[in-house]
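Just so you know, these numbers use all the heavy atoms, side chains as well, and skip hydrogens, waters and symmetry mates. Just so it is clear, the structure is predicted and the values come from calculations on it, not from any experiment.
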Amino acid sequence: MKAKDLMIPLSECAQVAEDRSLQEAMIMLNAFRQRYANSDYAPRFVLVRDKRYRIVGVLRHLEILRGLGQAAGPGPSLPKMIAAAPRVAAENAMTRYSEAEQISADAPIEAAIERMLAGAFRHMLVVEEGNTIGILRLSEIFARVSRNLGRGSQD
């Protein structure tokens with residue numbers, strides 16, 4: 001089995017341009033959650049792309065709340081954080097991807113697992129010919145392992 005066999009295609013991931021606000025990122029994430037509400041796939045993050053449409057970072061709950069808290073100032077309150085959402089650019093709150101968080105689409109899934117566990121990554125960018133084509137999440141790997149427990153390896 002290869003990394004691309006368990007990845008989520010980029011088209012199924014919430015995305016926002018780096019110059020867009022955290023408010024827009026949250027709206028996008030909520031839209032994808034609604035879109036996939038009746039499936040096993042639960043969107044949990046927003047990918048951030050640069051002007052050339054390359055995926056350069058990620059916004060998870062922690063990054064979004066941290067960005068809003070910093071923008072709200074000392075002693076952040078929920079109303080201040082909510083009010084800050086339209087003013088904070090995604091690029092100012094996101095975590096940038098490192099090269100270690102990228103894996104070739106044709107890499108064995110075992111290589112992805114090893115790198116994810118060693119680097120404590122929850123997901124990795126799946127790359128083919130220099131372009132990101134999807135995301136490999138630890139949760140999909142766990143789901144595959146869980147489904148196959150007691151049945152022996154199918155792969």
Note to self: So, taking the atom named CG in Leu117 and the one named CD1 in Ile141, what distance separates them when rounded to the nearest 0.5 Å?
What the structure shows: 8.0 Å
Notebook entry, point to check: What pairs with Arg60 under salt bridge (Lys or Arg N to Asp or Glu O under 4.0 Å), at least two apart in sequence or on another chain?
Noted result: Glu63
Item checked: For the student: nearest non-hydrogen atoms of Ala17 and Ala90, plus distance -> O-CB, 4.0 Å
Item checked: Gap between atom CD1 of Ile82 and atom OG of Ser77 - 0.5 Å precision -> 8.5 Å
Notebook entry, point to check: What's the shortest heavy-atom distance between Glu18 and Ala89, and which atoms?
Noted result: O-CB, 4.0 Å
Notebook entry, point to check: With a 4.5 Å heavy-atom cut-off, do Gln15 and Ile55 have their side chains touching?
Noted result: yes
Notebook entry, point to check: With a 4.5 Å heavy-atom cut-off, do Leu136 and Ile109 have their side chains touching?
Noted result: yes
Note to self: Just to verify, what does Ser146 make a side-chain contact (heavy atoms from CB on, under 4.5 Å) with, not counting sequence neighbours?
What the structure shows: Phe142
Next item on the list: With rounding to the nearest 0.5 Å, note down the distance linking CG in Asn30 to CZ in Arg35.
Entry: 14.5 Å
Checklist line | Pairwise side-chain contact, Gln70 with Val88, heavy-atom cut-off 4.5 Å (strictly under) | finding: no
Checklist line | Qualifying salt bridge (Lys or Arg N to Asp or Glu O under 4.0 Å) pairs, either residue in residues 4-17, two or more places apart | finding: Lys4-Asp106
Note to self: Given 3.5 Å as the limit, does a donor-acceptor pair link the side chain of Gln34 with the main chain of Ala31, or not?
What the structure shows: no
Next item on the list: Grab the two heavy atoms, one from Ala84 and one from Ala71, that are nearest each other, plus how far apart they are.
Entry: CB-CB, 3.7 Å
Next item on the list: Might you point out which heavy atoms bring Pro86 and Ser21 nearest each other, and give the distance in Å?
Entry: O-CB, 3.5 Å
Check: Quick one: CG on Leu59 to CZ on Arg66, what's the gap to the nearest 0.5 Å?
Finding: 11.5 Å
Item checked: Test ring-ring contact (aromatic ring centres under 6.0 Å, His included) applied to Phe32 - qualifying residues, sequence neighbours left out -> none
Next item on the list: For Gly67 and Ala93, work out which heavy atoms get closest and say how close.
Entry: CA-CB, 4.1 Å
Margin query: If hydrophobic clusters are built by linking Ile, Leu, Val, Met, Phe, Trp and Tyr wherever their side-chain heavy atoms come under 4.5 Å apart, do Met7 and Leu138 end up in the same one?
Written below: yes
Margin query: Tell me whether the count of non-hydrogen atoms from other residues, nucleotides or ligands lying under 6.0 Å of CZ in Arg122 goes above 12.
Written below: no
Notebook entry, point to check: Same cluster for Phe45 and Leu10 if Ile/Leu/Val/Met/Phe/Trp/Tyr side chains link at under 4.5 Å?
Noted result: yes
Note to self: Are Leu47 and Phe121 connected into the same hydrophobic cluster when the rule is that any two of I, L, V, M, F, W, Y join if their side-chain heavy atoms are below 4.5 Å apart?
What the structure shows: no
Next item on the list: May I ask you to test the Leu68-Met26 pair for a side-chain heavy-atom distance under 4.5 Å?
Entry: yes
Margin query: Quick check for you: to the nearest 0.5 Å, what is the distance between Glu101 atom CD and Arg96 atom CZ?
Written below: 12.0 Å
Exercise answer: donor-acceptor pairs, residues 123-135 side-chain atoms, under 3.5 Å, sequence neighbours excluded:
{"residue": "His123", "atom": "NE2", "partner": "Tyr97", "partner atom": "OH", "Å": "2.6"}

Note to self: Tell me if a side-chain donor or acceptor on Arg20 pairs with a main-chain N or O of Val48 at a distance below 3.5 Å.
What the structure shows: no
Next item on the list: Starting at CG of Asp50, measure out to CD of Glu91 and round the result to the nearest 0.5 Å.
Entry: 10.0 Å
Note to self: Could you work out, with salt bridge (Lys or Arg N to Asp or Glu O under 4.0 Å) as the rule, every residue matching Glu140, not counting sequence neighbours?
What the structure shows: Arg137
Item checked: Transitive ILVMFWY side-chain link Met28 to Ile8, under 4.5 Å -> yes
Check: How far apart are the closest heavy atoms of Leu65 and Met81, and which atoms are they?
Finding: O-CE, 3.6 Å
Next item on the list: Establish whether Ile64 and Val16 are linked, either directly or via other cluster members, by ILVMFWY side-chain heavy-atom contacts under 4.5 Å.
Entry: yes
